[in-house]
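Before any comments, here is the structure.
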Amino acid sequence: MTYQFQRLAPALIFILLMASCAGERSSNLERLVHEYIDACNLHDLETLRGMLTDDVVWYLGADTLVGKDQVLGPLAYDEAINTYLEGSNMVVKGDTVEFELLEKNDVLTVLKIDELRHFPRFIFKEGLILEKASRKTYARAQELEEQIAAFREWLGENHPDDLARLEAPDGSLIYSSDNGYLVVKLLKIWAAEKQSEYRE
(Lines give C-alpha, C1' and ligand atoms only; values in the text may rest on other atoms or scores of the structure.)
Protein backbone atom coordinates (compact mmCIF):
# COMPACT_ATOMS: atom_id res chain seq x y z
CA MET A 1 0.00 0.00 0.00
CA THR A 2 2.81 2.34 0.93
CA TYR A 3 4.67 1.42 -2.25
CA GLN A 4 1.62 2.12 -4.41
CA PHE A 5 1.12 5.47 -2.72
CA GLN A 6 4.75 6.32 -3.30
CA ARG A 7 4.28 5.56 -6.99
CA LEU A 8 1.09 7.60 -7.19
CA ALA A 9 2.38 10.57 -5.18
CA PRO A 10 4.41 12.19 -8.00
CA ALA A 11 1.42 11.93 -10.37
CA LEU A 12 -0.91 13.45 -7.77
CA ILE A 13 1.55 16.23 -7.07
CA PHE A 14 1.83 16.93 -10.80
CA ILE A 15 -1.97 17.06 -11.19
CA LEU A 16 -2.35 19.38 -8.20
CA LEU A 17 0.47 21.57 -9.48
CA MET A 18 -1.11 21.83 -12.93
CA ALA A 19 -4.50 22.69 -11.39
CA SER A 20 -2.84 25.35 -9.27
CA CYS A 21 -1.04 26.82 -12.30
CA ALA A 22 -4.28 26.84 -14.31
CA GLY A 23 -6.08 28.66 -11.50
CA GLU A 24 -3.26 31.17 -11.19
CA ARG A 25 -3.23 31.73 -14.97
CA SER A 26 -7.00 32.26 -14.97
CA SER A 27 -6.69 34.78 -12.15
CA ASN A 28 -3.87 36.59 -13.97
CA LEU A 29 -5.86 36.93 -17.21
CA GLU A 30 -8.90 38.25 -15.33
CA ARG A 31 -6.63 40.76 -13.61
CA LEU A 32 -5.21 41.86 -16.98
CA VAL A 33 -8.70 42.46 -18.37
CA HIS A 34 -9.61 44.53 -15.32
CA GLU A 35 -6.37 46.51 -15.69
CA TYR A 36 -7.16 47.08 -19.36
CA ILE A 37 -10.65 48.38 -18.52
CA ASP A 38 -9.21 50.63 -15.79
CA ALA A 39 -6.68 52.06 -18.27
CA CYS A 40 -9.52 52.65 -20.76
CA ASN A 41 -11.46 54.59 -18.14
CA LEU A 42 -8.36 56.65 -17.35
CA HIS A 43 -7.76 57.07 -21.11
CA ASP A 44 -4.16 56.04 -20.47
CA LEU A 45 -3.08 55.26 -24.03
CA GLU A 46 0.54 54.61 -23.05
CA THR A 47 -0.47 51.85 -20.63
CA LEU A 48 -2.94 50.44 -23.15
CA ARG A 49 -0.25 50.35 -25.86
CA GLY A 50 1.93 48.30 -23.55
CA MET A 51 -0.85 45.73 -23.06
CA LEU A 52 -1.15 44.90 -26.79
CA THR A 53 0.90 42.64 -29.04
CA ASP A 54 2.46 44.33 -32.07
CA ASP A 55 0.14 42.36 -34.37
CA VAL A 56 -3.02 42.86 -32.28
CA VAL A 57 -6.33 42.62 -34.17
CA TRP A 58 -9.62 44.22 -33.14
CA TYR A 59 -12.81 43.11 -34.88
CA LEU A 60 -14.90 46.22 -34.21
CA GLY A 61 -18.29 45.86 -35.82
CA ALA A 62 -17.73 45.77 -39.58
CA ASP A 63 -14.18 47.14 -39.18
CA THR A 64 -11.00 45.11 -38.71
CA LEU A 65 -8.23 47.09 -37.04
CA VAL A 66 -4.70 45.67 -37.18
CA GLY A 67 -1.65 46.79 -35.19
CA LYS A 68 -1.29 48.99 -32.13
CA ASP A 69 -1.79 52.33 -33.90
CA GLN A 70 -5.10 51.32 -35.49
CA VAL A 71 -6.38 49.61 -32.34
CA LEU A 72 -5.57 52.65 -30.18
CA GLY A 73 -7.56 54.97 -32.49
CA PRO A 74 -10.98 54.07 -31.05
CA LEU A 75 -9.54 54.38 -27.54
CA ALA A 76 -8.52 58.00 -28.24
CA TYR A 77 -11.98 58.52 -29.74
CA ASP A 78 -13.51 57.10 -26.54
CA GLU A 79 -11.67 59.68 -24.46
CA ALA A 80 -13.25 62.48 -26.49
CA ILE A 81 -16.76 61.07 -26.06
CA ASN A 82 -16.18 60.45 -22.35
CA THR A 83 -16.60 56.67 -22.43
CA TYR A 84 -16.87 54.71 -19.19
CA LEU A 85 -16.62 50.91 -19.13
CA GLU A 86 -17.44 48.31 -16.50
CA GLY A 87 -16.57 44.61 -16.88
CA SER A 88 -18.22 41.65 -15.21
CA ASN A 89 -18.93 37.89 -15.43
CA MET A 90 -15.49 36.92 -16.73
CA VAL A 91 -14.90 33.36 -17.91
CA VAL A 92 -11.36 32.18 -18.73
CA LYS A 93 -10.83 29.37 -21.25
CA GLY A 94 -7.13 28.79 -21.84
CA ASP A 95 -5.73 32.02 -23.29
CA THR A 96 -9.23 33.44 -23.91
CA VAL A 97 -11.36 35.62 -21.62
CA GLU A 98 -15.05 36.14 -22.34
CA PHE A 99 -16.98 38.70 -20.32
CA GLU A 100 -19.72 41.33 -20.26
CA LEU A 101 -18.89 44.99 -20.74
CA LEU A 102 -21.18 47.86 -19.81
CA GLU A 103 -20.55 51.07 -21.80
CA LYS A 104 -21.70 54.64 -21.20
CA ASN A 105 -20.61 57.76 -23.10
CA ASP A 106 -21.72 61.18 -24.35
CA VAL A 107 -22.86 59.82 -27.72
CA LEU A 108 -25.28 57.43 -26.02
CA THR A 109 -26.47 60.20 -23.70
CA VAL A 110 -27.34 62.48 -26.64
CA LEU A 111 -29.18 59.57 -28.28
CA LYS A 112 -31.04 58.91 -25.01
CA ILE A 113 -29.61 55.41 -24.65
CA ASP A 114 -28.64 54.85 -21.02
CA GLU A 115 -26.05 52.17 -21.66
CA LEU A 116 -24.92 49.42 -23.99
CA ARG A 117 -23.95 45.92 -22.92
CA HIS A 118 -21.26 44.25 -25.02
CA PHE A 119 -20.05 40.65 -24.88
CA PRO A 120 -16.35 40.74 -25.85
CA ARG A 121 -13.74 38.04 -26.23
CA PHE A 122 -10.05 38.78 -25.58
CA ILE A 123 -7.35 36.35 -26.68
CA PHE A 124 -3.98 36.68 -24.96
CA LYS A 125 -0.47 35.75 -26.08
CA GLU A 126 2.27 35.75 -23.47
CA GLY A 127 0.30 38.11 -21.23
CA LEU A 128 -0.56 40.60 -24.00
CA ILE A 129 -3.83 41.09 -25.88
CA LEU A 130 -3.58 39.48 -29.32
CA GLU A 131 -7.21 39.74 -30.42
CA LYS A 132 -10.39 41.56 -29.42
CA ALA A 133 -13.76 40.57 -30.81
CA SER A 134 -17.45 40.54 -29.94
CA ARG A 135 -19.20 37.25 -29.19
CA LYS A 136 -22.67 38.59 -29.93
CA THR A 137 -24.53 41.83 -30.49
CA TYR A 138 -25.24 44.02 -27.52
CA ALA A 139 -28.53 45.21 -26.09
CA ARG A 140 -30.19 48.08 -27.99
CA ALA A 141 -27.78 47.64 -30.92
CA GLN A 142 -30.51 47.97 -33.55
CA GLU A 143 -31.83 51.19 -32.01
CA LEU A 144 -28.32 52.66 -32.01
CA GLU A 145 -27.68 51.61 -35.62
CA GLU A 146 -30.97 53.17 -36.78
CA GLN A 147 -30.20 56.47 -35.06
CA ILE A 148 -26.64 56.57 -36.41
CA ALA A 149 -27.96 55.86 -39.94
CA ALA A 150 -30.41 58.78 -39.65
CA PHE A 151 -27.66 61.01 -38.25
CA ARG A 152 -25.33 60.07 -41.10
CA GLU A 153 -28.03 60.90 -43.68
CA TRP A 154 -28.52 64.30 -42.03
CA LEU A 155 -24.77 64.89 -42.12
CA GLY A 156 -24.64 64.11 -45.84
CA GLU A 157 -27.38 66.64 -46.53
CA ASN A 158 -26.32 69.41 -44.15
CA HIS A 159 -22.64 68.89 -43.27
CA PRO A 160 -21.00 66.96 -46.13
CA ASP A 161 -17.52 68.32 -45.32
CA ASP A 162 -17.78 67.05 -41.75
CA LEU A 163 -19.03 63.68 -42.97
CA ALA A 164 -15.98 63.43 -45.24
CA ARG A 165 -13.78 64.21 -42.24
CA LEU A 166 -15.45 61.57 -40.09
CA GLU A 167 -15.49 58.76 -42.64
CA ALA A 168 -12.96 57.10 -44.91
CA PRO A 169 -13.89 56.64 -48.60
CA ASP A 170 -15.07 53.09 -47.84
CA GLY A 171 -17.54 54.42 -45.26
CA SER A 172 -15.63 53.24 -42.20
CA LEU A 173 -15.35 55.63 -39.27
CA ILE A 174 -12.04 57.46 -38.82
CA TYR A 175 -11.26 57.11 -35.13
CA SER A 176 -9.46 60.04 -33.53
CA SER A 177 -9.86 62.33 -30.55
CA ASP A 178 -10.80 65.28 -32.78
CA ASN A 179 -13.49 63.26 -34.52
CA GLY A 180 -14.91 62.15 -31.20
CA TYR A 181 -15.42 65.74 -30.11
CA LEU A 182 -16.86 66.60 -33.53
CA VAL A 183 -19.36 63.74 -33.45
CA VAL A 184 -20.73 64.78 -30.06
CA LYS A 185 -21.03 68.41 -31.20
CA LEU A 186 -22.87 67.47 -34.42
CA LEU A 187 -25.09 64.93 -32.66
CA LYS A 188 -26.27 67.64 -30.26
CA ILE A 189 -27.16 69.92 -33.20
CA TRP A 190 -29.00 67.07 -34.93
CA ALA A 191 -30.86 66.08 -31.76
CA ALA A 192 -31.90 69.71 -31.13
CA GLU A 193 -33.23 70.01 -34.69
CA LYS A 194 -35.17 66.77 -34.30
CA GLN A 195 -36.67 68.00 -31.05
CA SER A 196 -37.62 71.31 -32.68
CA GLU A 197 -39.30 69.52 -35.57
CA TYR A 198 -41.21 67.31 -33.12
CA ARG A 199 -42.56 70.36 -31.27
CA GLU A 200 -43.75 71.93 -34.50
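All values reported here derive from a predicted model rather than from experimental measurement.
For R165, the salt bridge (charged side-chain N to carboxylate O under 4.0 Å, His left out) criterion is met by no residue, not counting sequence neighbours. Under the side-chain hydrogen bond (donor to acceptor under 3.5 Å, both in side chains) criterion, T109 pairs with no residue at all, not counting sequence neighbours. Every residue two or more places apart in sequence or in another chain that forms a salt bridge (charged side-chain N to carboxylate O under 4.0 Å, His left out) with D54 is listed here: K68. Considering only residues two or more places apart in sequence or on other chains, S177 meets the side-chain hydrogen bond (donor to acceptor under 3.5 Å, both in side chains) condition with none of them. Residues that satisfy the side chain to side chain contact (heavy atoms under 4.5 Å, CB included) test with L111, not counting sequence neighbours, are V107, I113, L144, Q147, I148, L187, W190. Among residues two or more places apart in sequence or in another chain, the salt bridge (charged side-chain N to carboxylate O under 4.0 Å, His left out) test is passed with E143 by R140. Under the rule for a salt bridge (charged side-chain N to carboxylate O under 4.0 Å, His left out), the partners of K93 that lie at least two apart in sequence or sit in another chain are E98. Under the side-chain hydrogen bond (donor to acceptor under 3.5 Å, both in side chains) criterion, D170 pairs with S172, sequence neighbours left out.
Proximity of L130 to V56: side-chain heavy atoms (C-beta onward) are nowhere separated by under 4.5 Å. In this structure, the side chains of K125 and E131 stay at 4.5 Å or more apart for every pair of heavy atoms. Between T83 and C40 there is no side-chain heavy-atom pair separated by less than 4.5 Å.
Side-chain polar atoms of N28 and E30 form no donor-acceptor pair below 3.5 angstrom. There is no side-chain donor-acceptor pair under 3.5 Å between H118 and E100.
Separating the CG atom in D78 from the CG atom in L48 is a distance of 10.0 Å, to the nearest 0.5 Å. If you take CG on N179 and CG on L166, they are separated by 4.5 Å, rounding to the nearest 0.5 Å. If you take CH2 on W154 and NZ on K194, they are separated by 11.0 Å, rounding to the nearest 0.5 Å. Separating the CG atom in N41 from the CD atom in E86 is a distance of 9.0 Å, to the nearest 0.5 Å. Considering CG of N82 and CG of L108, their distance stands at 11.0 Å, rounded to 0.5 Å.
For the salt bridge (charged side-chain N to carboxylate O under 4.0 Å, His left out) condition, the pairs that include at least one residue of residues 33-53, sequence neighbours left out, are R31-E35, R49-D69. A salt bridge (charged side-chain N to carboxylate O under 4.0 Å, His left out) check over residues 146-163, counting only residues at least two apart or in different chains, returns the pairs R152-E167. Pairs of residues two or more places apart, or lying in two chains, never qualify as ring pair (Phe, Tyr, Trp, His ring centres under 6.0 Å) while including a residue from residues 42-64. Note on residues 77-108: pairs passing ring pair (Phe, Tyr, Trp, His ring centres under 6.0 Å), not counting sequence neighbours, are Y77-Y175, F99-F122.
For L32 against G127, the heavy-atom pair with the smallest separation is CD1-O, 3.5 Å. Taking all atoms of both residues into account, the shortest heavy-atom contact from G50 to L128 is O-CD2, 3.3 Å.
Tracing side-chain contacts under 4.5 Å through hydrophobic residues (I, L, V, M, F, W, Y), one reaches L85 starting from L52; they form part of the same cluster. Hydrophobic clustering (ILVMFWY, side-chain heavy atoms < 4.5 Å, transitive): L29 and I123 are in distinct clusters. The same ILVMFWY cluster, assembled from side-chain heavy atoms under 4.5 Å apart, contains both L173 and L116.
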### Task
Before giving the answer on side-chain contact (heavy atoms from CB on, under 4.5 Å), spell out for F124 and V33 the whole-Å C-alpha distance, their side-chain angles and the decisive distance to 0.1 Å.
CA-CA 10 Å; F124 286 84; V33 173; 3.8 Å; yes
### Task
Take I37 and L101, measure what side-chain contact (heavy atoms from CB on, under 4.5 Å) needs, and give me the verdict at the end.
CA-CA 9 Å; I37 293 170; L101 188 67; 3.8 Å; yes
### Message
V57 vs T64, test: side-chain contact (heavy atoms from CB on, under 4.5 Å). Steps then yes/no.
### Response
CA-CA 7 Å; V57 179; T64 299; 3.9 Å; yes
